[in-house]
**Student:** 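I am attaching a structure below and will ask some questions about it afterwards.
Since we're looking at a predicted model, the values are computed, not measured. For ligands, and for the atoms within them, numbers begin at 1 and follow the listed sequence.
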Amino acid sequence: MKIHDISMTLRPGMAVWPGDLPFERTIHTAITNGSDSNTSSLSLSSHCGTHVDAPLHFLPGGAGIDQLDMHKIAGPARVLDCTGRSVVDTSDLKGKLPAGVIPLLKTDSSSLPENAPFRDDYVCLTEGAARVVAESGVPAIGVDYLSVGGLQNGTEVHRILLKAGVLAIEGLRLADVSPGDFTLVCLPLKVAGGDGAPARAVLIEGSADKAGNFGG
Ligand SMILES: [Zn+2]
């Protein structure tokens with residue numbers, strides 16, 4: 001069984017959404033300073049690095065991150081090659097989204113350096129593409145920059161997806177993963193009433209059978 005870690009590494013200087021708090025880690029206790037252990041405190045946005053958007057992020061009264069159906073973000077997934085495009089449009093997704101399978105869109109954004117300031121030329125979905133996703137019966141969609149939508153259409157793209165019950169996993173790193181089928185396990189922190197939360201996400205090669213055993 002092979003596991004691909006497709007999460008961003010949280011560190012100072014990493015790209016964050018414009019206006020969001022920068023990521024910071026402050027040493028709280030240090031063995032080198034005579035403490036028994038090393039501990040630190042973290043300061044970060046709920047949408048820092050690899051993260052999951054809860055419906056509450058854009059839908060008033062929507063479910064919080066602690067109320068997600070975990071089946072939606074842990075299960076069969078397909079990495080789709082969407083490189084070489086400035087946006088992902090309807091024609092990139094039509095007929096390529098089997099119901100129940102989480103599409104992970106690998107774009108040129110996965111090749112942007114991870115430890116770099118925010119770039120506004122990241123690859124996002126058009127509203128039409130979001131509608132194709134919303135009508136396809138997929139439980140979630142994964143993208144490889146900090147938002148499924150662009151700076152102009154982001155609100156509408158999120159609303160189309162979240163209203164249809166499609167969760168958004170954002171900030172994945174897919175450059176080292178070939179297109180194909182995997183099992184995704186994505187685990188956002190369980191924050192009470194949270195609008196979103198950072199997550200560790202991995203792809204497992206081979207799909208699990210009904211007993212939970214992995215082949216391949
Ligand atoms: Zn988000």
**Student:** Indicate yes or no for a side-chain donor-acceptor contact from Thr83 to the backbone of Asp108 under 3.5 Å, with no hydrogens or angles considered.
**Tutor:** no
**Student:** Compute whether any side-chain donor of one residue and acceptor of the other, for Ser110 and Arg173, lie under 3.5 angstrom apart.
**Tutor:** no
**Student:** Going by heavy atoms in the side chains, are Val148 and Ile141 under 4.5 Å from each other?
**Tutor:** yes
**Student:** Taking 2.8 Å as the upper limit, name the protein N, O or S atoms near the Zn ion (ligand 1).
**Tutor:** His47 ND1, His51 NE2, Asp53 OD1, Glu170 OE1
**Student:** Any idea which heavy atoms bring Gly49 and Leu146 closest together, and the distance?
**Tutor:**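 Looks like O-CD2, 3.8 Å.
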**Student:** Applying the ring-ring contact (aromatic ring centres under 6.0 Å, His included) criterion to Trp17, which one of Tyr145, Phe118, Phe23 satisfies it?
**Tutor:**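 When ring-ring contact (aromatic ring centres under 6.0 Å, His included) is applied between Trp17 and each of Tyr145, Phe118, Phe23, only Phe118 qualifies.
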**Student:** Side chains of His47 and Asp195: do they bring a donor and an acceptor to under 3.5 Å?
**Tutor:**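 The criterion, which ignores hydrogens and geometry beyond distance, is satisfied for Asp195 and His47.
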